[in-house]
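All values below were derived from every heavy atom in this structure, side-chain atoms included, with hydrogens, water molecules and symmetry-related copies excluded.
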Amino acid sequence: LLMACLEDLGPNAHRAIIARLHDNRWYLVRNLVILLRHSNDPGNLKPLAQLVGHPHPKVRLEVTKTFLHFKDQRAERYVVRELNQADPERRLNAVQLALNTESKDIIGKICEILHEPLAEKTMDLKSRAIQVLAQSPAMEARHGLAEFLRGRNLLRPFLHRRLREEILQALNRYRPAWAQDMLVEVVAGGTNSITRQAGELLRQLQESKNDV
């Protein structure tokens with residue numbers, strides 16, 4: 001109720017909200033950051049910049065979301081920094097924030113995550129990376145997924161196959177503009193079962209395009 005009242009007050013409440021951004025209660029700070037984002041006033045970014053290094057991940061997440069919301073040039077740098085962290089949760093959040101980005105630096109980092117050593121504990125992160133790349137308009141995303149589909153992993157073949165199948169499923173679900181060209185490259189590069197699945201998906205995409 002208090003948050004709703006503050007939102008109804010609009011700009012009249014901003015000074016009081018900003019004064020509370022260093023409160024010890026992380027959940028209060030998170031909610032105040034969300035209120036400032038909903039205000040659609042880019043002038044509120046200056047005090048929020050002090051919270052980029054906040055100790056609680058949910059506060060950092062909302063702060064980065066706010067910079068992305070306002071298309072601030074610092075947002076890309078913040079996302080890349082989070083992608084470079086060792087903490088899996090921070091990396092997961094950063095990958096999700098990158099949805100629909102056209103930043104070559106961010107897409108490049110997410111492609112690197114996809115090609116990091118395979119392990120069961122990293123599968124959630126890689127799966128989320130695949131979903132983001134499959135929805136990206138960037139050619140770098142296409143190249144990263146194509147390279148993974150064509151690759152092999154002798155140490156973790158089962159996990160590798162799982163991820164390759166997830167890529168095909170994601171391409172079928174989101175159907176980015178470059179999907180057909182990428183699948184042509186993959187089909188031309190081998191004759192294994194994944195390549196055959198890619199060929200079947202390519203045929204379906206071509207047929208659906210012809211129907212239109």
- Item | Linked, directly or transitively: Leu201 and Leu145 (ILVMFWY side chains, under 4.5 Å) | yes
CG (Leu133) and CZ (Arg142) are apart, to the nearest 0.5 Å, by 14.0 Å
Interatomic distance, CG@Asn93 vs NZ@Lys65, rounded to 0.5 Å, equals 8.0 Å
Exercise for review: Please tell me if the side chains of Leu149 and Met182 come closer than 4.5 Å, counting only heavy atoms from C-beta onward.
Suggested key: yes
In this structure, NE2 of His22 is separated from CG of Leu32 (nearest 0.5 Å) by 11.5 Å
Looking only at heavy atoms, the pair that brings Arg60 and Pro55 closest together is NH1-O, 3.2 Å
Take a 6.0 Å sphere around OH of Tyr27 and say whether it holds more than 12 heavy atoms from other residues, nucleotides or ligands.
no
*Side chains of Ser208 and Arg175: does their closest heavy-atom pair fall under 4.5 Å?*
yes
Is there side-chain contact between Asp105 and Val79, with at least one heavy-atom pair below 4.5 Å? no
Between Tyr78 and Phe67, how do the two ring planes meet: parallel, tilted or perpendicular, split at 30° and 60°? perpendicular
* Asked: Should Arg150 and Glu185 be marked as a side chain to side chain contact (heavy atoms under 4.5 Å, CB included) after you check the CA-CA gap, both sets of side-chain angles, and the distance that decides it?
  -> CA-CA 9 Å; Arg150 290 194 298 263; Glu185 296 174 16; 3.7 Å; yes
Can you tell me if Glu200 and Gln204 form a side-chain donor-acceptor pair at under 3.5 Å? yes
Practice problem: State plainly whether one hydrophobic cluster holds both Leu99 and Ile110, where clusters connect Ile, Leu, Val, Met, Phe, Trp and Tyr through side-chain heavy atoms under 4.5 angstrom apart. | Solution: yes
- Compare all side-chain heavy atoms of Met123 with those of Leu163 and state whether any distance is below 4.5 angstrom. yes
Distance col, row Arg20:CZ vs Arg25:CZ, nearest 0.5 angstrom, shows 7.0 Å
When hydrophobic residues are tied together by side-chain contacts of less than 4.5 Å, even through go-betweens, does Ile18 share a cluster with Val29? yes
Heavy-atom nearest pair, Pro57 first then Glu89, reads CG-OE2, 4.3 Å
**Message:** Using the rule that Ile, Leu, Val, Met, Phe, Trp and Tyr join whenever any side-chain heavy atoms are under 4.5 Å apart, tell me whether Phe158 and Phe148 fall into a single cluster.
**Reply:** yes
- prompt: Got a donor-acceptor contact below 3.5 angstrom from the Trp178 side chain to the His143 backbone?
  reply: no
Side chain to side chain contact (heavy atoms under 4.5 Å, CB included) assessment of His115 paired with Glu147
CA-CA 9 Å; His115 292 281; Glu147 183 181 352; 3.9 Å; yes
**Ion pair Arg162/Glu120, N-O distance below 4.0 Å** = yes
(request) Determine, using the 4.5 Å side-chain heavy-atom cutoff (strictly less than), whether Val63 and Met3 are members of one ILVMFWY cluster. (result) yes
Closest non-hydrogen contact found for Arg90 with Glu82 is NH2-OE2, 2.6 Å
Query raised in the report: Any salt bridge between Lys58 and Glu62, counting N to O under 4.0 Å?
Result: no
Self-check item: Criterion side chain to side chain contact (heavy atoms under 4.5 Å, CB included) on Arg161 and Ser193, from CA distance to verdict
Solution: CA-CA 10 Å; Arg161 180 184 176 83; Ser193 61; 2.6 Å; yes
For Arg164 and Gly151 the tightest heavy-atom approach is NH1-O, 3.4 Å
Correct closest heavy-atom pair for Leu83 and Ala94 would be CD2-CB, 3.6 Å
Task: Leu125 side chain reached by Ile113 side chain, heavy atoms, under 4.5 Å - done: yes
Within the 4.5 Å heavy-atom criterion, are Met139 and Ile107 side-chain neighbours or not? no
Which of Gln96, Glu166, Arg173 passes side-chain hydrogen bond (donor to acceptor under 3.5 Å, both in side chains) with Gln131? It is Arg173
In terms of heavy-atom contacts, Ile106 and Ala98 come closest through CG2-CB, 3.5 Å
More than 12 heavy atoms of other residues, nucleotides or ligands under 6.0 Å from CZ of Arg156: yes or no? no
Separation between CG (Leu36) and CG (Asn44), nearest 0.5 Å, reads 4.5 Å
Rounded to the nearest 0.5 angstrom, the CG-CG distance for Leu1 and Leu6 is 9.5 Å
Note to self: Any non-hydrogen side-chain atom of Thr101 less than 4.5 Å from a side-chain atom of Glu76?
What the structure shows: no
message = For a 4.5 angstrom cut-off between non-hydrogen side-chain atoms, does Arg74 reach Leu45?
response = yes
